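Hydrogens, waters and symmetry mates are skipped; everything else that's a heavy atom, side chains included, is used. Not measured: the values here are computed from a predicted model.
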Amino acid sequence: MEAEYILVSDRKTDASFLIYHYLSFYLREGCKVCFLGLVQSFSHYSAVSQRLGVNLDQARESGQLLFLEGLKESVGVFLDKESNPRSSTFDFLRDPSVGLRGLYEFIRGSLVKPVPGADPQAWGPPVLLVDDLSVLLSLGLDVGAVIDFSHYCRATVCSELQGSMVVLVRCEAEEESLDKESSEMLLKGLTHQCSLTLLAQGLPTGFCKDIHGQVEVCWQGHGEGKQTQRKVFQYKVHDKGASFFAPGTSSAAL
């Protein structure tokens, strides 16, 4: 499996279905997955994955999946007055100036260190999933710190360990604001790092019950002589995944 950095973003729609797809795909492929969930609880992802035929509880118990529940850990940081190794993962919540080193070290350790009692050769290439990275901006971190965090994660996961990353970034602000500007800067900065971008958007023609939106797929042309390639697919989300098709080929459009 080729190492790659996939950047997922959305506008006027919800691209979460792509995160669910990659989570179930990599677990089925036998990869060791570190999932940084900053938006939803473990039970939410578990319920969705169950419909996709993947048992997250079993994956976590076997050591294949390490899920860092951002919501729960954040509350723990504010309630825990004493410093401990686990709370240092989110120590930027107490002081944003310390940056994301603690979170990076946790992710690196979870993918590099062997699971006690497990065969180190049992899993395939490591994978880091993040849902969603733009939340860190809302927690007081600046764009530069988040882009640096992504850079170090890519260097470790994709280059050193020959694994893959899938990162979701949302740009949903309707009005001109500092939050929107920061999100756009983050998206632009991450685009220069990734190998593939997936932009989920609502349909230009408006709502359609049989076509939920479109995804622009862009293969980034990094390096001399390499060109960026783009394709657009329409999609429909259903209980057990999503269907993709070329524009105009859905039964609703024929």
Side-chain angles (χ1 to χ4, degrees), residues 1-10 13-76 85-86 89-90 103-133 135 153 156-158 161-170 196 198 200 212-213 215 235-244:
M1 187 180 297
E2 184 179 354
E4 57 183 348
Y5 183 165
I6 302 172
L7 178 62
V8 180
S9 60
D10 56 23
T13 191
D14 185 1
S16 296
F17 70 95
L18 292 170
I19 292 295
Y20 306 146
H21 162 75
Y22 280 111
L23 175 60
S24 60
F25 169 75
Y26 284 120
L27 289 175
R28 286 197 187 98
E29 289 296 309
C31 298
K32 185 177 181 180
V33 177
C34 177
F35 192 168
L36 176 57
L38 299 174
V39 179
Q40 301 287 354
S41 64
F42 177 82
S43 59
H44 168 82
Y45 296 106
S46 180
V48 174
S49 297
Q50 199 75 39
R51 296 200 300 269
L52 299 179
V54 174
N55 190 318
L56 293 195
D57 289 294
Q58 288 184 357
R60 185 162 67 169
E61 290 172 4
S62 68
Q64 183 185 8
L65 170 66
L66 190 144
F67 184 87
L68 185 59
E69 192 165 342
L71 296 174
K72 184 177 180 180
E73 294 292 335
S74 298
V75 173
R86 187 61 181 254
T89 303
F90 282 84
L103 184 58
Y104 164 74
E105 292 294 347
F106 176 85
I107 291 171
R108 176 180 173 79
S110 68
L111 294 175
V112 173
K113 295 178 182 177
V115 178
D119 181 0
Q121 304 299 324
W123 315 123
V127 175
L128 172 62
L129 288 171
V130 184
D131 181 17
D132 83 68
L133 196 63
V135 168
C153 287
T156 297
V157 178
C158 301
L161 302 178
Q162 290 298 295
S164 297
M165 288 174 56
V166 181
V167 175
L168 174 63
V169 173
R170 298 189 185 281
L196 175 68
L198 303 175
H212 293 160
V215 176
Y235 69 87
K236 179 179 181 180
V237 179
H238 42 81
D239 284 343
K240 294 187 177 181
S243 301
F244 296 88

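Scanning both residues, Pro126 and Leu161, for their nearest heavy atoms gives CG-CB, 3.7 Å.
Under the side-chain contact (heavy atoms from CB on, under 4.5 Å) rule, Ser46 has a single partner from Val54, Asp57, Asn55, which is Asp57. Of the candidates Ile6, Val8, Val33, Val167, Leu129 forms a side-chain contact (heavy atoms from CB on, under 4.5 Å) with just one, namely Val33.
Ring-plane geometry between Tyr22 and Phe25 is classed as perpendicular, the angle between the planes exceeding 60 degrees on a 0 to 90 degree scale with a lower cut at 30.
Side-chain atoms of Ser62 come within 3.5 Å of backbone N or O of Ala59 as a donor-acceptor pair. A distance-only check finds no donor-acceptor pair linking the side chain of Glu4 to the backbone of Met165 [under 3.5 Å]. In terms of modelled atom types and a separation under 3.5 Å, the side chain of Lys240 and the main chain of Gly53 share no donor-acceptor contact. Between the side chain of Gln64 and the main chain of Arg60, no donor-acceptor pair closer than 3.5 Å is present.
Checked against ring-ring contact (aromatic ring centres under 6.0 Å, His included), Tyr45 has the following partners two or more places apart in sequence or in another chain: Phe35, Phe67.
A cation-pi arrangement is absent between Arg51 and Tyr20, since the terminal nitrogen or guanidinium carbon is not both under 6.0 Å from the aromatic centre and inside a 45° cone about the axis.
Side-chain polar atoms of His238 and Ser243 form a donor-acceptor pair below 3.5 angstrom.
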Q.
Between Phe90 and Leu68, does the side chain to side chain contact (heavy atoms under 4.5 Å, CB included) criterion hold? Intermediate values first, please.
A. CA-CA 11 Å; Phe90 282 84; Leu68 185 59; 3.7 Å; yes
**Q.** Criterion side chain to side chain contact (heavy atoms under 4.5 Å, CB included) on Tyr235 and Leu18, from CA distance to verdict
**A.** CA-CA 11 Å; Tyr235 69 87; Leu18 292 170; over 6 Å; no
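Annotation: the span from His44 atom NE2 to Leu71 atom CG amounts to 11.0 Å, rounded to 0.5 Å. Distance CG/Leu66 to CG/Leu36: 10.5 Å, rounded to 0.5 Å.
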